[in-house]
Amino acid sequence: MIKLDKVSKKFGNGGIALSEVTLSIDRGEFVFFVGRTGSGKTTLFRLLIREFFPSEGSIIVGDFDLGNLPNYKIPHLRRKVGVVFQNLKLLSDRTIFENIVLPLEVSGFKDRDAHKRTEEIMQELGLSEHRDKFPIQLSGGELQRAAIARALVLSPEILLADEPTGNLDPKTGEEILDLLMDINKKGTTVIMATHNDVMVNKFAKRVISLEKGKIIKDQKKGKYEIS
Ligand SMILES: Nc1ncnc2c1ncn2[C@@H]1O[C@H](COP(=O)(O)OP(=O)(O)OP(=O)(O)O)[C@@H](O)[C@H]1O
Ligand SMILES: [Mg+2]
């Protein structure tokens, strides 16, 4: 479902964020991306939603060959791939409901259908009581849930979660992980970038370790092993 072949990403300033990354991820997998800060995890996510073009190599996501994907098809790709960004990117001047409904509105859903789906996903993620609050009125864990709800509202086949437990206490972090595992059990492919060694070691899922933009390990029931 996701295939990268010798993907490199260099930036204009000469920095190399990724170097010859080759990997494939099957439908329905749960994968942790680990690696020190600056090792290329977020860059990889941004390549997968075509925020960036690779400098070299090819990227296939489902039926999309991202090297040849015309710009007008990018919204189709982004329906398939939901993202929870490292800094969440919730809009501060919109309520939680308005944030979560937004991808549906942009995709042209009728108001009635969009509202129904938004209420449904908010209920599923325990956000209904926060419906009309603004992001500033929510805790870190609640905000993370809201960002996950927004990423899932279009029912993507793949969910990318970038450091979703970063600023949370251990218990809330575990709740977020349980939520991501549930989403995965229902069939969504989940890729999570993280520094959370406790969670990685607890769940014994596939672990892909990056170091300075290169894959140094790819283990089936992996552990968090960063030197
Ligand atoms: N837009 C950009 N322009 C120039 N350099 C960039 C850009 N984005 C990322 N980089 C560089 O690419 C490298 C990889 O960054 P990236 O954000 O992918 O790391 P990361 O693994 O997500 O780190 P963290 O764990 O801190 O989130 C870093 O050296 C970073 O400075
Ligand atoms: Mg990052």
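Atoms within a ligand are numbered from 1 in the order they appear, just like the ligands themselves.
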Requested in this report: Examine T37 and say whether one of its N/O/S atoms is closer to the Mg ion (ligand 2) than 2.8 Å.
Outcome: no
Query raised in the report: What's the spacing between I226 CD1 and I216 CD1 if we round to 0.5 Å?
Result: 6.0 Å
Query raised in the report: Going by the order shown, which atoms of ligand 1 are within less than 4.0 Å of some heavy atom of G40?
Result: 14 (C), 18 (O), 19 (O), 20 (P), 21 (O)
Report task. Look at the N, O or S atoms of Q86, main chain and side chain alike, and state whether any lies under 2.8 Å from the Mg ion (ligand 2). Result -> yes
Report summary line: For H115 and V101 the tightest heavy-atom approach is CD2-CG2, 4.1 Å
Report task. Going by heavy-atom distance to atom 24 (P) of ligand 1, choose the closest among L47, T37, T43. Result -> T37
Report task. For the pair T42 and Q86, evaluate side chain to side chain donor-acceptor pair (under 3.5 Å) and give the outcome as yes or no after the intermediate values. Result -> CA-CA 8 Å; T42 298; Q86 197 161 10; 3.0 Å; yes
Query raised in the report: Atom OG of S92 and atom CD1 of I136: how far apart are they, to the nearest 0.5 Å?
Result: 8.0 Å
Requested in this report: For T43 and L18, work out which heavy atoms get closest and say how close.
Outcome: CG2-CD1, 4.1 Å
Query raised in the report: Given the protein's heavy atoms, is any one of them under 4.0 Å from atom 31 (O) of ligand 1?
Result: no
Requested in this report: Measure N13 to ligand 1 on non-hydrogen atoms and call it side chain, backbone, both or neither using the 4.0 Å cut-off.
Outcome: side chain
Query raised in the report: If you measure from the Lys or Arg side-chain nitrogens to the Asp or Glu carboxylate oxygens, is any gap between E98 and R131 under 4.0 Å?
Result: no
Requested in this report: Would you check the N or O atoms of G35, main chain and side chain alike, for any that come under 3.5 Å of an N or O of ligand 1?
Outcome: no
Query raised in the report: Any idea which protein heavy atom is nearest atom 21 (O) of ligand 1, and the distance to it?
Result: K41 NZ, 2.8 Å
Query raised in the report: Which is it for H195 and ligand 1 at heavy atoms under 4.0 Å: side chain, backbone, both or neither?
Result: side chain
**Report entry** Top protein contact for atom 27 (O) of ligand 1, by heavy-atom distance
**Finding:** Q86 NE2, 2.8 Å
Query raised in the report: So which of F52, F11, F33 gets nearest to atom 5 (N) of ligand 1, if we judge by its closest heavy atom?
Result: F11
Requested in this report: Check the side chains of T165 and N196 for a donor-acceptor pair under 3.5 angstrom, ignoring hydrogens and angles.
Outcome: yes
Requested in this report: Could you tell me the residue and atom name of the protein heavy atom closest to atom 29 (O) of ligand 1, and the distance to it rounded to 0.1 Å?
Outcome: G38 O, 4.0 Å
**Report entry** Nearest-neighbour protein heavy atom for atom 12 (O) of ligand 1, which is reported as residue plus atom name and distance
**Finding:** A17 CB, 3.3 Å
Query raised in the report: Under 3.5 Å, is there a donor-acceptor pair linking the side chains of K133 and H130?
Result: yes
Report summary line: atom 17 (O) of ligand 1: of L44, L18, T42, the nearest heavy atom sits on T42
**Report entry** Face-on cation placement of K9 at F52 ring, 6.0 Å and 45° thresholds
**Finding:** yes
Query - Sub-4.0 Å heavy-atom contact, S39 with ligand 1 - result: yes
Requested in this report: Determine whether any heavy atom of R46 lies closer than 4.0 Å to an atom of ligand 1.
Outcome: no
Report task. Run the salt-bridge test on E56 and K10 with the 4.0 Å N-O cut-off and return the result as yes or no. Result -> yes
